[in-house]
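Everything below concerns the one structure shown next.
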Amino acid sequence: MADTKREIERKYEATDATRLPDLSRVAGVGRAEKRGVTELDAVYYDTADLRLASHSLTLRRRTGGADEGWHLKFPVATGIRDELHEPLADTLPPSFAALLRSRLRHTEPAPVVRLLSSRDVQHLSDDEGTLLAEVCVDTVCAERLAGEGTGTTATWTEIEVELADDGDPAFLDAVEKRLRKAGVRPSESLSKLARALAETAPEPKKRAKPKTDEPQTTGDHVLTYVRKQIRTIVDLDPAVRRDLPDSVHKMRVATRRLRSAFKTYRRILDREVTDPVGAELKWLAGELGVDRDQEVLDKRLGDRTEALPGILVLGPVRGRLKVWSAARRTGSRRRITDVLDGKRYLALLDTLDALSADPPLRTAASRAPAKELPRAVLKDYKKLARRMDHALEHPPGPERDAAMHEARKAAKRARYAGDAARPALGRPAKRFAKRVKAVQTVLGDHQDSVVARDALRTLAIEAHAAGETTFTWGLLYGHEEATADARERELPEVWARASEPVLRADLKH
């Protein structure tokens, strides 16, 4: 696994007349120490259409400096990036190729820009000698290596202030205050690569005024939502591979939202095209669910166990739970990586790109959203109502559990439909989605208790076979039964709020 560092930095413009002020006078700084000049040679890689740059991703091979090697940077927020590092090599590290696969697909990245930088480094430390930030004055020469403008060069000088590991971001505010007093202003470019690409373009392009490309038709609104989910799937691919918190869950939700949109808006998008894509999305969500469901179950059982008084935790409960969980998660993590590296997944991404570029719109797509969107949302609501009636008819037991699970699926789809319609329908759609989400939450907690009870029974059987007491497992099972009973009693009231006639009237108007 590549080394990862959270990079928090700010860039500033510098000219021949710019003088770096005395930064030892910044609040909290005990010493400003010059560290000398380092020569850096970096080649940046991308596709011919600059696919990585369009996603604010940076891939480079750099020599010189203490961290020479391959670097891959992912945006986190303005001025914040995750920087991954691999040792210097002639070819792209396999770990980086995997992290970029959802963007690159079948394309190999090639050199697009070379940057030669002369870096004058200064360290800012506190009175105890702890590093607070590194300040660099970089004199840069950029050369375009591919595409239009090949051979064009550009030069500039910039100031870069990078926060030390585990530093307080507020310290950067103090440094910036000092720099601004000296006449130094923030850079308009977020990265050296972005500036190099802009300044080595064939002709300096004036910034066009943002277009007011607001969705107008029903098709516009649906496609905006669909394309957002497609982008989310692609963007989350590297996060899932890196096992970042909640990444699997978010990617799975995006696949479900997209699949639900295909079903809800069949009057807008031709189902002959979207149904096969939906089937592949269902497959992907299922593969992701192996890991996500285990995460949810682990947390639920862990929280339940920790909430018990110590006197009631008999036997090696925590140890058995930890081993059981680790065994199940190890296999699922490996399986997810295999799925994301497989031909089927990459083919799905290609299909989604094609659908986004050439959407299979039907006649209703050209109509006004005020009529078509409420019709689609209310259709999903009626399906939910039928499943809720069916679930509430059953007495407590396995049949009701299964019926409530089916109602949960319908609630999720209705909620997603409301979310998709919000930009066009406003507050009524927001209120609809919020109330249906409340129903989904109750049904979801009930289903989680069903799954937890099944797991607890398995754990109790294993503990009994090993000669351990099963008292605590039985106690936890009883707690889950009580939770399920509470959710079943709560459900009619929550559903009544979500099924008020005014809710349906709002959507129609």
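The minimum heavy-atom distance between S117 and K192, with the atom names listed, is OG-CE, 4.3 Å. Smallest separation of non-hydrogen atoms from L40 and G65: CD2-N, 3.8 Å. Minimum interatomic distance between T264 and A376 (heavy atoms only, all atoms of both residues): O-CB, 3.7 Å. Nearest heavy-atom pair across L197 and A53 is CD1-CB, 3.9 Å. When all heavy atoms of F171 and A27 are compared, the pair lying nearest together is CE1-O, 3.8 Å. Scanning all heavy atoms of the two residues, the minimum distance from D67 to R62 falls at OD1-NH2, 2.8 Å.
A salt bridge between E9 and K11 is present, with a side-chain N of the basic residue lying under 4.0 Å from a carboxylate O of the acidic one. Using a 4.0 Å cut-off between a side-chain N of Lys or Arg and a carboxylate O of Asp or Glu, R105 and D353 qualify as a salt bridge. Between R10 and E160, no side-chain nitrogen of the basic residue sits less than 4.0 Å from a carboxylate oxygen of the acidic one, so the salt-bridge criterion is not met. At a threshold of 4.0 Å, the pair E7-R81 counts as salt-bridged, since one of the basic side-chain nitrogens sits closer than that to a carboxylate oxygen.
No side-chain heavy atom of E68 sits under 4.5 Å from any side-chain heavy atom of R61. Inter-residue side-chain proximity for Q122 and L20 is flagged as met; some heavy-atom pair is nearer than 4.5 Å. A 4.5 Å side-chain heavy-atom check between T58 and L52 finds every atom pair outside the cut-off. Under the 4.5 Å side-chain criterion, counting only non-hydrogen atoms from C-beta, P109 is not in contact with L100. Taking 4.5 Å as the limit, some side-chain heavy atom of V43 sits within range of a side-chain heavy atom of L145. Within the 4.5 Å cutoff, no side-chain heavy atoms of D3 are placed close to those of E83. Annotation: side chain of E86 is not in contact with side chain of L92 (no heavy-atom distance under 4.5 Å). Within the 4.5 Å cutoff, no side-chain heavy atoms of E39 are placed close to those of R119.
The 12-atom threshold is exceeded at CG of D303, counting heavy atoms of other residues, nucleotides or ligands nearer than 6.0 Å. The environment of CG in L88 is crowded: more than 12 heavy-atom neighbours from other residues, nucleotides or ligands sit within 6.0 Å. In the displayed structure, D49 atom CG is contacted under 6.0 Å by more than 12 heavy atoms of other residues, nucleotides or ligands.
Formation of a donor-acceptor pair under 3.5 Å by the T441 side chain with backbone atoms of K437 is found in this model. Distance alone, capped at 3.5 Å, is enough to place a donor-acceptor pair between the D46 side chain and the R51 backbone. At least one donor-acceptor pair closer than 3.5 Å links the side chain of R185 to the backbone N or O of R180. A donor-acceptor contact shorter than 3.5 Å is absent between the side chain of S187 and the backbone of Y12. A donor-acceptor pair is defined here as one N or O able to donate and one able to accept, closer than 3.5 Å; such a pair exists between the side chain of R227 and the backbone of S356. Looking at D22, its side chain does come within 3.5 Å of a backbone N or O of S24 through a donor-acceptor pair. R435 places a side-chain N or O within donor-acceptor distance of the main-chain N or O of R497, the cut-off being under 3.5 Å. Using a distance-only test at 3.5 Å, with no hydrogens or angles considered, a donor-acceptor pair links the side chain of R241 to the main chain of A98. Although no hydrogens or angles enter the test, the distance criterion places no donor-acceptor pair under 3.5 Å between the side chain of D246 and the main chain of H249. Between the side chain of S325 and the backbone N or O of L321, no donor-acceptor pair lies under 3.5 Å.
F262 CZ to L269 CG: the interatomic distance, rounded to the nearest 0.5 Å, is 6.5 Å. For the atom pair H221 NE2 and L223 CG, the distance stands at 11.0 Å (nearest 0.5 Å). Here the CZ-CZ distance, from R256 to R252, works out to 4.0 Å after rounding to the nearest 0.5 Å. One finds the CG atom of L284 at 9.5 Å from the CZ atom of R344 (value rounded to the nearest 0.5 Å). A distance of 8.5 Å separates CG in L163 from CG in L132, rounded to the nearest 0.5 Å. Atom CD in E372 sits 10.5 Å away from atom OG1 in T217 (nearest 0.5 Å).
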- Could you go step by step and tell me if Y45 and W70 meet the ring pair (Phe, Tyr, Trp, His ring centres under 6.0 Å) rule? CA-CA 10 Å; Y45 288 72; W70 285 89; 5.1 Å; yes

- Candidate pair L23 and V29, rule side chain to side chain contact (heavy atoms under 4.5 Å, CB included), full reasoning: CA-CA 8 Å; L23 297 178; V29 175; 6.0 Å; no

- Worked check of salt bridge (Lys or Arg N to Asp or Glu O under 4.0 Å) between R103 and D235: CA-CA 8 Å; R103 269 94 170 191; D235 289 348; 2.9 Å; yes

- Task: Take D237 and L99, measure what side chain to side chain contact (heavy atoms under 4.5 Å, CB included) needs, and give me the verdict at the end.
- Result: CA-CA 7 Å; D237 178 292; L99 291 173; over 6 Å; no

- Task: Evaluate the criterion salt bridge (Lys or Arg N to Asp or Glu O under 4.0 Å) for residue pair D419 and R257; output intermediate values, then yes/no.
- Result: CA-CA 10 Å; D419 287 340; R257 284 182 176 274; 3.2 Å; yes

- Query: What's the verdict on salt bridge (Lys or Arg N to Asp or Glu O under 4.0 Å) for D298 and K322, showing C-alpha distance, side-chain angles and the deciding distance?
  - Reply: CA-CA 9 Å; D298 288 349; K322 184 176 181 180; over 6 Å; no

- Go through R6 and I80 one step at a time and tell me if the side chain to side chain contact (heavy atoms under 4.5 Å, CB included) criterion holds. CA-CA 7 Å; R6 177 61 55 89; I80 304 176; 3.3 Å; yes

- Can M251 and T232 be said to form a side chain to side chain contact (heavy atoms under 4.5 Å, CB included), step by step? CA-CA 7 Å; M251 189 175 188; T232 299; over 6 Å; no

- Test D82 against K5 for salt bridge (Lys or Arg N to Asp or Glu O under 4.0 Å), laying out the working first. CA-CA 6 Å; D82 278 346; K5 175 185 177 183; over 6 Å; no

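A side-chain N or O of R144 and one of T200 form a donor-acceptor pair less than 3.5 Å apart. There is no side-chain donor-acceptor pair under 3.5 Å between H123 and E33.
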